[in-house]
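A, B, ... follow the sequence lines: proteins, then strands. Residue 1 opens every chain. Fair warning: this is a prediction, and the values are worked out from it, not measured in the lab.
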Amino acid sequence: MMYPNINPLVLFFASIFTSNILLTNFLGMCSFISISKDLKSSNGLGIAVTLVMTITTALNWILERYVITPMELGYLRYIIYIIVIAAVVQVLEMIIDRVSPNLYMVLGIFLPLITVNCAILGVALFMQLRNYSFIQSVLFGLGSGIGWWLAIVLLAAIRKKTENAPVPAPLKGVGITLITIGIMAMAFIGFAGMINVQ
Amino acid sequence: MSDFKKILKNNFWLENPVIVQILGICSTLAVTNNLRNTLIMTIGVTLVTALSNFTISAMRNLIPRKVRMITQVLVISFYVIMVDIVLRAYVPDVSKALGPYVGLIITNCIIMGRAEAFAQGNRPLISFWDGFTAGLGYMFVLVVVAFFRELLGFGTVLGIQVLPASFPKWTIMVMPPSAFFVLASFIWIAREMQIKKDISKTSQPSGGEKK
């Protein structure tokens, strides 16, 4: 097993800023656009995504290393990953409901949505494709989650400010949001001189 | 037959999944800097949407409501794996360039959306058509976006040089941010046209229904 020689910490910061899963890989876009109207929901979804992403990346890495690779089940990879993600979301929903009804109220509707959030599956697939070690994978998952969270909270804040801006009618809503995201993406890519992964 | 025509019109233009419903832009914006990859990717998405809609519709009376989401995801994954294997066998370079994005068709919200909104309550054949046309609507938007990004970014179309070599290449067009700008411009133009049509329709209600 050859792992790429990247310091896990570098990977962590890179996945938050320069290779932000949302702004450079376009993953998790649907919920990003539809939820970011409201700062509070954005925050809730951000926490949930970070949590699920870290856990599923770790679990999928273990499965990849000890089940999929030795048993040559590569062709079932997508199904295995998606089942793990669905299961984790389900279990997490039950645990959060029990332990902290408050958090459950905040996350409630957003948790099931996460199963079909492409960012979660995307991180797992990137992790497998780039052959990361366990520590690298977990930090990559955590960093990508935080990056996603940061981006959605920032966008929600910007959208709040520009809500009443005089924008041409056909561009209102999604159009102007996409342009805002584009400008954000440029700003995030601006960090690229500092750290870079792939 | 008019049902089929109406679905085509709705899915392709009036309620285009990308322009109006903003679905499924997640995984595919990344591949629109190259027209060839985009074409292959969107053909894959169209096939998966159509076939999984057909399958889910055929099984709709057998699936308990509680496990319907996971069943849908499994059906979709099955077709995505087929697409992945075919791509790997016949166009390995494209498969490599698309990377994880082929697998991410599973979580493409258009497919889930059509399955939930249409296949769950309609007969298989018409569901197939609904999925197919939704895929075409998606393909239409992405191909236009990819055309402009590749043309301005590399000066090529489908890898063939069209613009003169003296044309300064807009490097930003092949970088991630421009995907948002081009798509936003597209949505702007499309909505402008849709709004204009609405206005002309309401001002002369007698002639509005034709075609």
Which of parallel (below 30°), tilted (30 to 60°) and perpendicular (above 60°) describes A:Y132 and A:F140? perpendicular

Contacting moiety of B:A190, where chain A heavy atoms sit under 4.5 Å: neither

Can you tell me which of B:I85, B:I189, B:D84 forms the most heavy-atom pairs within a distance under 4.5 Å of chain A? B:D84

Part of A:L129 within contact of chain B (heavy atom distance under 4.5 Å): side chain

So which residue, A:L125, A:L171, A:T180, ends up with the most heavy-atom pairs under 4.5 Å with chain B? A:L171

Non-hydrogen atoms of chain B under 4.5 Å away: do they reach the side chain of A:I183, the backbone, both or neither? both

Proximal component of B:M193, with respect to chain A [non-hydrogen, under 4.5 Å]: neither

Tell me, out of A:T24, A:I79, A:I181, who's got the most heavy-atom pairs with chain B below 4.5 Å. A:I181

Salt-bridged, B:R68 to B:E116, with N to O below 4.0 Å? yes

Does A:K37 pair with A:E163 as a salt bridge, N-O distance under 4.0 Å? no

Can a side-chain donor-acceptor contact be found between B:N53 and B:W129 if the only test is distance below 3.5 angstrom? no

With a 3.5 Å cut-off and no angle check, do the side chains of B:S95 and B:Y90 form a donor-acceptor pair? no

Honestly, the part of A:I33 sitting under 4.5 Å from a heavy atom of chain B is side chain

Do A:Q128 and A:Y81 pair up side chain to side chain, a donor and an acceptor below 3.5 Å, judged on atom types alone? no

Checking B:T32 against B:R149: is there a side-chain donor and acceptor pair closer than 3.5 Å? yes

Option in B:G103, B:S185, B:S77 with maximal non-hydrogen atom pairs under 4.5 Å from chain A: B:G103

Between A:T177, A:L76, A:I83, A:I179, which shows the greatest number of heavy-atom pairs under 4.5 Å with chain B? A:I179

